[in-house]
K.L.:
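One structure, as structure tokens, below. Some questions next.
Naming: A, B, ... by sequence-line order, numbering from 1 per chain.
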Protein chains: 2
Amino acid sequence: MLDPLSPSALIADLATKARAAQRMLSRTSTEERRAGVHQVGQALRAASEDILHANRQDVARAEAAGLSGAMLDRLRLDPARVAAMADAVEAVAGLPDPVGQIIDTATRPNGLRLSRVRVPIGVIGIIYESRPNVTADAAALCVMSGNAVLLRGGSEARDSNAAIHQAFCEGLAAGGLPADAVQRVATTDRAAVGAMLAADGLIDMIVPRGGKSLVARVQAEARVPVLAHLDGINHLFIHRSADPVMATRIVVDAKMRRTGICGATETLLIDAGYPEPGALIAALVAAGCEVRGDERIASVADVVPATEEDWDTEYLDAICSVAMVDGLEGALAHIARHSSHHTDAIVASDEAVAEQFLAEVDSAIVLWNASTQFADGGEFGLGAEIGIATGRLHARGPVALEGLTTYKWVGVGTGQVRG
Amino acid sequence: MLDPLSPSALIADLATKARAAQRMLSRTSTEERRAGVHQVGQALRAASEDILHANRQDVARAEAAGLSGAMLDRLRLDPARVAAMADAVEAVAGLPDPVGQIIDTATRPNGLRLSRVRVPIGVIGIIYESRPNVTADAAALCVMSGNAVLLRGGSEARDSNAAIHQAFCEGLAAGGLPADAVQRVATTDRAAVGAMLAADGLIDMIVPRGGKSLVARVQAEARVPVLAHLDGINHLFIHRSADPVMATRIVVDAKMRRTGICGATETLLIDAGYPEPGALIAALVAAGCEVRGDERIASVADVVPATEEDWDTEYLDAICSVAMVDGLEGALAHIARHSSHHTDAIVASDEAVAEQFLAEVDSAIVLWNASTQFADGGEFGLGAEIGIATGRLHARGPVALEGLTTYKWVGVGTGQVRG
């Protein structure tokens with residue numbers, strides 16, 4: 001018997017309520033879920049004052065605790081951010097619904113008709129850090145795809161999350177959907193995270209949303225399947241056949257447009273046959289980037305010497321490691337050794353080379369003549385994302401509604417026996 | 001540093017060789033893999049004498065150790081069984097190839113063309129027990145889908161497995177495929193299994209093939225994703241609208257055709273409104289089945305009283321638990337409480353009732369007017385199966401080549417930056 005006050009008992013209780021609500025949700029039509037999620041958007045707008053009031057308490061507590069600028073910024077809401085949160089929820093209500101889609105269907109020689117039909121996964125656990133908008137974003141994606149969800153936000157945002165959760169559930173209820181489908185893990189006891197990670201059979205999938213230490217802990221401890229990426233050590237390879245103007249533009253964008261996102265390039269690989277390596281380095285430097293180069297790069301430009309560690313480092317900053325490689329084979333070998341299987345790109349005008357790169361680089365996203373910064377569910381046309389996955393099973397790259405579904409085999413017969 | 005003689009070091013070494021071979025395999029065309037796997041079939045035929053000789057040693061050892069009839073039968077090969085093994089491998093060579101399939105493709109407003117392309121998962125680990133044919137079957141499915149594989153068979157079949165593995169690799173080499181793609185874990189040290197289960201990042205997916213205790217151990221210990229089913233506690237529900245002739249025929253087939261397979265029905269649920277419950281019981285008894293009924297069944301037929309435990313038992317034997325339930329809702333409630341999410345079926349002529357059953361039963365396979373014994377990759381038209389999965393992620397139900405693949409996002413641009 002579980003101690004009824006233990007974190008495990010708490011999670012089991014929330015997950016059981018969530019499972020029951022998910023069964024009700026699985027009986028709803030697309031239109032009913034759209035209408036319900038749309039009501040959530042309106043409820044968030046209506047609760048804007050309450051949410052901002054709660055958020056001021058979180059921010060005051062964080063300031064008193066000496067939280068840094070970037071973390072405070074992630075925590076802080078204002079009327080525009082609450083409106084954007086409501087907009088995002090309403091956008092999810094408008095996405096194509098994967099639930100009920102028939103993946104394929106065939107009639108067997110004995111007349112048995114078999115189809116694979118998309119269904120919700122069940123109960124999703126979201127473990128996240130300071131940004132309170134994740135509460136609404138992630139829950140909206142889960143509910144729209146027919147799933148129930150357990151939300152475990154960071155303690156620094158607890159009042160904001162509570163207010164958003166309350167408005168969310170009011171919206172669900174007003175829209176005729178089961179409010180129990182969205183459960184908030186209210187305790188700030190860190191053992192509750194461990195209980196979620198161990199809740200095999202109660203929670204069907206965990207999605208961590210936050211920094212590397214959170215993701216690493218979740219991946220190390222979870223008994224429940226995890227959808228995540230730990231690193232985005234992304235490579236951009238400039239082949240000798242690359243158009244120099246295009247190459248320079250993509251290098252600067254891929255590294256410098258936003259340095260803190262997981263799709264940012266961390267390592268630039270320049271083909272030894274590329275005519276103007278110095279111009280690429282100069283463009284990065286001009287954009288404010290620190291360049292750490294290998295010996296061959298040091299022979300063509302004035303750079304900080306790169307160490308072995310640099311090739312395995314996700315800077316998330318205005319720093320770029322740069323290596324000179326011998327053609328496609330050199331690039332493939334470097335990427336095979338150091339890539340985190342997130343996003344890797346090539347700039348080339350030689351089609352055969354590009355096709356080989358796309359085929360052989362084993363990453364969730366491979367790009368030809370485009371910036372790695374496109375690695376994003378919105379840019380990929382998914383309308384949103386629950387996360388980006390670098391694992392090999394289930395779903396890879398940006399994941400939105402479809403990745404929150406599975407399928408079942410539905411067979412319709414006329415009395416067939418195997419006999 | 002790993003002790004170079006430790007099971008972990010051994011598995012790391014085999015997995016590293018397998019990964020390198022997999023990279024070579026991923027450069028091969030469908031036709032090259034078909035030809036190579038076909039050569040494996042021929043090599044198995046050519047090695048038939050060697051395989052049978054090795055198998056006699058395993059059988060002699062097993063007999064000396066006092067192994068039981070069923071286990072001995074699973075272990076024993078004869079010329080027909082070796083030929084069947086070769087046939088099965090050649091059949092895999094003829095299956096539709098999922099690798100390279102484009103799942104979907106779209107051009108974004110900025111001109112970036114994005115496709116999801118099926119690719120092999122990478123390195124698969126197969127952990128299995130006495131049947132030596134799994135060595136060839138599973139390896140053929142892995143190689144045909146572009147994956148490398150680590151095979152860990154039971155110690156009782158070690159000589160047979162070694163001979164089959166040797167012939168398999170000779171066939172691969174003769175067919176121009178990398179022989180290192182199929183690695184055999186030769187040690188009989190049980191710690192090697194633990195090392196495989198812990199080999200996160202080295203092995204991408206584990207498939208256990210064997211009895212419940214093996215599967216339970218794998219599911220409990222694995223840090224690597226597992227594709228498996230633990231139980232097949234399958235239900236057959238006879239609705240009041242069922243045609244009695246069809247119902248009787250399906251009941252007898254679903255329970256009694258073969259009682260030891262995972263698709264066999266274990267619990268029969270009879271609607272209280274069904275006119276002839278006694279006839280269903282009588283048909284089971286006439287077929288040699290022990291019937292364990294609840295109190296309501298006991299009032300209409302002479303049965304052994306069922307205990308609470310019966311509803312959660314996979315007999316894999318000529319025993320059937322039978323409950324009387326109140327209509328569809330009663331059946332859904334019983335199944336939600338006791339199903340192992342493998343295969344559940346309804347016999348009904350009322351379409352609305354059947355559709356609701358198919359929609360609401362949360363199992364990998366749901367069937368209407370057909371026997372649960374169809375739960376099988378061959379019967380589902382997959383040509384073979386690596387296993388049946390009852391988890392919710394990645395692949396569900398019978399899994400063959402497609403379930404051994406994942407996808408990557410391939411983006412083709414013309415110089416797009418996010419800007």
Side-chain angles (χ1 to χ4, degrees), chain A residues 23 26-27 106 108 112 114 116 119 121-122 204-205 225 227 243 245-246 249-250 252-254 257-258 336 345 347 354 358-360 362-371 373-374 376 379-381 391-398 406-419, chain B residues 23 26-27 106 108 110 112 114 116 119 121-122 204-205 225 227 243 245-246 249-250 252-254 257-258 336 345 347 354 358-360 362-371 373-374 379-381 391-398 406-419:
Chain A
R23 281 173 56 88
S26 73
R27 301 184 184 194
R108 302 292 305 147
L112 184 63
L114 282 163
R116 289 193 298 170
V119 297
I121 288 177
D204 300 310
M205 182 167 81
L227 187 96
D243 172 76
V245 174
M246 186 195 291
R249 194 172 68 231
I250 290 180
V252 173
D253 185 86
R257 172 185 160 269
R258 285 180 62 189
V347 182
L358 297 175
E360 293 194 16
D362 175 27
S363 292
I365 304 169
V366 288
L367 298 166
W368 174 20
N369 288 348
S371 169
Q373 298 246 349
F374 284 109
D376 172 274
E379 291 297 319
F380 275 36
R392 283 185 170 81
L393 300 193
H394 186 64
R396 242 180 149 193
T406 180
Y407 62 81
K408 65 180 175 190
W409 293 85
V410 176
V412 176
T414 51
Q416 281 81 354
V417 293
R418 234 178 126 181
Chain B
R23 280 172 57 88
S26 73
R27 300 184 185 195
R108 301 292 305 148
N110 63 7
L112 185 63
L114 283 163
R116 289 192 299 171
V119 296
I121 288 176
D204 300 310
M205 182 166 81
L227 187 96
D243 172 77
V245 174
M246 185 194 293
R249 195 173 65 231
I250 291 181
V252 173
D253 185 86
R257 173 185 158 269
R258 284 181 61 190
V347 182
L358 296 175
E360 294 194 16
D362 175 27
S363 293
I365 304 168
V366 288
L367 297 167
W368 173 21
N369 289 347
S371 168
Q373 299 246 349
F374 284 108
E379 290 296 320
F380 275 36
R392 283 186 170 80
L393 300 194
H394 186 63
R396 238 179 154 195
T406 180
Y407 61 83
K408 66 180 176 190
W409 292 87
V410 177
V412 176
T414 51
Q416 281 81 353
V417 293
R418 236 181 123 177

K.L.:
Has B:Arg108 got a side-chain atom pairing as donor or acceptor with A:Glu379's backbone, closer than 3.5 angstrom?
P.N.:
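Checked: pair present.
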
K.L.:
Quick one: does A:Val417's side chain get under 4.5 Å of B:Arg257's, heavy atoms only?
P.N.:
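They are not in contact (no side-chain heavy atoms under 4.5 Å apart), so the answer is no.
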
K.L.:
Looking at B:Arg249 and A:Gly415, would you say the former's side chain and the latter's main chain have a donor-acceptor pair under 3.5 Å?
P.N.:
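Flag set: sc B:Arg249 to bb A:Gly415 pair under 3.5 Å.
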
K.L.:
Once you round to the nearest 0.5 Å, how far does CD1 of A:Ile121 lie from CG of B:Leu393?
P.N.:
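So the CD1 of A:Ile121 and the CG of B:Leu393 are separated by 5.0 Å.
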
K.L.:
What's the spacing between B:Leu367 CG and A:Leu112 CG if we round to 0.5 Å?
P.N.:
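Atom-to-atom, B:Leu367:CG and A:Leu112:CG are 6.5 Å apart.
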
K.L.:
Side chain from CB out, backbone as N, CA, C, O: work out which of these in B:Ala395 comes under 4.5 Å of a heavy atom of chain A, or both, or neither.
P.N.:
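Both parts, heavy atoms under 4.5 Å.
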
K.L.:
Donor-acceptor pair, B:Trp368 side chain versus A:Val410 backbone, under 3.5 Å?
P.N.:
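Such a contact is absent between B:Trp368 side chain and A:Val410 backbone.
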
K.L.:
Could you check if a side-chain atom of A:Asn369 sits within less than 4.5 angstrom of a side-chain atom of B:Thr414, using non-hydrogen atoms only?
P.N.:
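Side chain of A:Asn369 against side chain of B:Thr414, heavy atoms only: no contact under 4.5 Å found.
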
K.L.:
Donor-acceptor check, side chain of A:Arg392 to backbone of B:Thr406, threshold 3.5 angstrom: yes or no?
P.N.:
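No.
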
K.L.:
Could you tell me whether the side chain of B:Leu114 reaches within less than 4.5 Å of the side chain of A:Phe374, counting heavy atoms only?
P.N.:
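Answer no - side chains too far apart.
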
K.L.:
Does the side chain of B:Val412 reach to within under 4.5 Å of the side chain of A:Leu358, using non-hydrogen atoms?
P.N.:
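The answer is yes; the side chains approach within 4.5 Å.
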
K.L.:
In terms of heavy-atom proximity below 4.5 Å to chain A, should B:Asp243 be classed as side chain, backbone, both, or neither?
P.N.:
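Neither part.
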
